[in-house]
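What you see below is based on every heavy atom in this structure, not just the backbone, and it leaves out hydrogens, waters and symmetry mates. Please read these numbers as outputs of a predicted model, since none were measured by experiment.
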Amino acid sequence: MEGIRIETPNLILRNFSPSDSKDVSYYSQQPNVSYWMSDMIFLNESVALSWINRVNKNFNTTDPFIILAIEHKIDGICIGVVGVHPKAEIDDEVEILYGISDNHQSKGYGTEASKALIQWVFENTQLKSLTAIVKPDNTPSKIVIEKLGFKHVDTKMVHYDGAMCKFNYYKLYNN
């Protein structure tokens with residue numbers, strides 16, 4: 001597996017390591033993270049480790065399938081996830097995803113991590129655009145997406161949590 005390491009003023013974006021399983025399990029179960037990312041709740045370290053192994057096994061920069069840990073430089077712990085990957089529910093368009101531990105939210109880390117990854121992706125892959133889907137009532141995520149330059153294009157119904165759910169659909173083009 002090839003690796004990526006991107007440093008920002010406050011964060012290190014890097015491939016997940018098995019030692020991140022405790023942090024991943026912890027942040028995935030926090031109220032805000034688990035509410036907005038209910039498909040990524042890991043009830044224990046073993047389940048988190050299985051997810052980490054799957055993410056690392058599927059990692060590639062061609063498609064791209066890039067899911068990275070967000071490490072807080074000062075704390076030295078994994079506080080979240082950021083990535084891009086083809087999403088089957090939206091015709092395999094490449095979607096950006098991010099999630100930040102509840103106790104590190106509202107500090108700009110989601111924007112900082114996503115901005116750095118977007119720049120890396122547009123400079124190092126053939127990708128010409130990225131997609132984001134956000135639940136209409138997820139105001140914090142809408143703010144991040146708009147800060148990153150994504151434009152609201154449409155509303156889409158997407159299969160999520162066993163049902164069809166309404167999502168705001170955004171695009172960002174590499175100019």
Side-chain angles (χ1 to χ4, degrees), residues 4-56 58-59 65-85 87 89 95-121 130-150 152 158-163 165-170 172:
I4 294 179
R5 182 181 173 91
I6 304 168
E7 290 200 36
T8 69
N10 300 296
L11 309 169
I12 298 170
L13 311 181
R14 56 169 174 76
N15 295 85
F16 279 95
S17 71
S19 63
D20 292 321
S21 62
K22 181 178 180 180
D23 295 334
V24 170
S25 177
Y26 171 75
Y27 77 67
S28 78
Q29 296 179 60
Q30 294 181 322
N32 287 333
V33 174
S34 64
Y35 181 78
W36 296 115
M37 299 179 80
S38 58
D39 59 339
M40 290 183 65
I41 299 172
F42 309 111
L43 299 178
N44 57 51
E45 290 180 45
S46 177
V47 175
L49 180 58
S50 292
W51 177 81
I52 288 169
N53 289 335
R54 189 171 56 253
V55 163
N56 286 340
N58 291 323
F59 181 91
F65 186 98
I66 302 168
I67 308 293
L68 302 173
I70 301 173
E71 179 182 319
H72 190 264
K73 281 184 174 178
I74 293 173
D75 297 342
I77 61 169
C78 176
I79 63 165
V81 59
V82 65
V84 295
H85 70 99
K87 187 158 183 81
E89 296 86 351
E95 173 199 36
I96 188 162
L97 68 95
Y98 51 85
I100 301 288
S101 174
D102 285 8
N103 54 340
H104 286 89
Q105 290 181 5
S106 301
K107 298 176 181 175
Y109 297 149
T111 304
E112 185 175 332
S114 298
K115 183 177 182 181
L117 181 58
I118 289 167
Q119 181 179 347
W120 190 95
V121 166
L130 287 170
T131 299
I133 57 171
V134 179
K135 290 182 179 176
D137 54 340
N138 188 347
T139 302
S141 202
K142 286 194 298 190
I143 290 169
V144 169
I145 287 299
E146 290 170 1
K147 279 183 186 177
L148 294 169
F150 282 80
H152 183 262
V158 175
H159 192 264
Y160 187 81
D161 276 352
C165 298
K166 183 178 177 181
F167 281 84
N168 289 332
Y169 173 80
Y170 296 84
L172 175 70

Self-check item: Atom pair NZ/CD1 of Lys87 and Ile133 - distance to nearest 0.5 Å
Solution: 4.5 Å
Practice problem: For the pair Trp120 and Leu13, evaluate side-chain contact (heavy atoms from CB on, under 4.5 Å) and give the outcome as yes or no after the intermediate values. | Solution: CA-CA 11 Å; Trp120 190 95; Leu13 311 181; over 6 Å; no
Self-check item: Asn44 side chain to Ser46 backbone, donor-acceptor under 3.5 Å
Solution: yes
Self-check item: Distance, nearest 0.5 Å, that separates CD1 of Ile100 from OG of Ser114
Solution: 7.5 Å
Self-check item: Minimal non-hydrogen separation, Ile96 against Ala132, with atom names
Solution: CG2-CB, 4.0 Å
Quiz item: Does a side-chain heavy-atom distance below 4.5 Å link Val55 with Trp51?
Solution: yes
Quiz item: Among side-chain atoms of Ser141 and Tyr98, is any donor-acceptor pair under 3.5 angstrom?
Solution: yes
Quiz item: Okay, side chain of Ser101, backbone of His104: is any donor-acceptor separation there less than 3.5 Å?
Solution: no
Exercise. Mind checking the OG1-CZ spacing from Thr131 to Phe150? Nearest 0.5 Å is all I need.
Key: 7.5 Å
Practice problem: Determine whether the side chains of His85 and Asn58 contain a donor N or O and an acceptor N or O closer than 3.5 Å. | Solution: no
Exercise. Keeping the roles fixed (side chain from Asn15, backbone from Ile4), state whether a donor-acceptor pair exists under 3.5 Å.
Key: yes
Practice problem: Check Gly83 against Leu117 and note the closest heavy-atom contact, atom names and distance. | Solution: CA-CD2, 3.5 Å
Quiz item: How far does CG of Asp20 sit from OG of Ser25, to the nearest 0.5 angstrom?
Solution: 12.0 Å
Quiz prompt | Asn56 side-chain N/O to Ser17 backbone N/O, donor-acceptor pair under 3.5 Å | solution = no
Exercise. Assess whether atom NZ of Lys142 is packed by more than 12 heavy atoms of other residues, nucleotides or ligands within 6.0 Å.
Key: yes
Quiz item: Taking the inter-plane angle between the rings of Tyr109 and His72 on a 0 to 90° scale, is it parallel (under 30°), tilted (30 to 60°) or perpendicular (over 60°)?
Solution: perpendicular
Quiz prompt | Non-hydrogen atoms of Glu89 and His159 that approach each other most closely | solution = CG-O, 3.8 Å
Quiz item: Are any side-chain N or O atoms of Ser21 and backbone N or O atoms of Pro18, one a donor and one an acceptor, separated by less than 3.5 Å?
Solution: yes
Quiz item: Given side chains that start at C-beta, do those of Cys165 and Val158 come closer than 4.5 Å, heavy atoms only?
Solution: no
Quiz prompt | Shortest non-hydrogen contact between Thr8 and Lys73, atoms and distance | solution = O-NZ, 2.6 Å
Quiz item: Could you give the distance from CG (Asn10) to CD1 (Ile70), rounded to the nearest 0.5 Å?
Solution: 11.5 Å
Quiz item: Thr111 versus Leu148: any side-chain heavy-atom pair under 4.5 Å?
Solution: yes
Practice problem: Using atom types as modelled and distance alone, determine if a side-chain donor or acceptor of Lys22 lies under 3.5 Å from a backbone N or O of Ala48. | Solution: no
Quiz prompt | Distance-minimising heavy-atom pair for Gly149 and Leu172 | solution = O-CD1, 3.4 Å
Quiz item: Just how far is it from atom CD1 of Ile145 to atom CG of Asn138, taken to the nearest 0.5 Å?
Solution: 9.5 Å
Exercise. Answer whether the closest heavy-atom distance between the side chains of Leu68 and Phe16 falls below 4.5 Å.
Key: no
Quiz item: Do Lys107 and Glu112 sit within salt-bridge range, that is, some charged N less than 4.0 Å from a carboxylate O?
Solution: no
Quiz item: Are Leu11 and Ile79 side-chain neighbours, meaning at least one heavy-atom pair lies under 4.5 Å?
Solution: yes
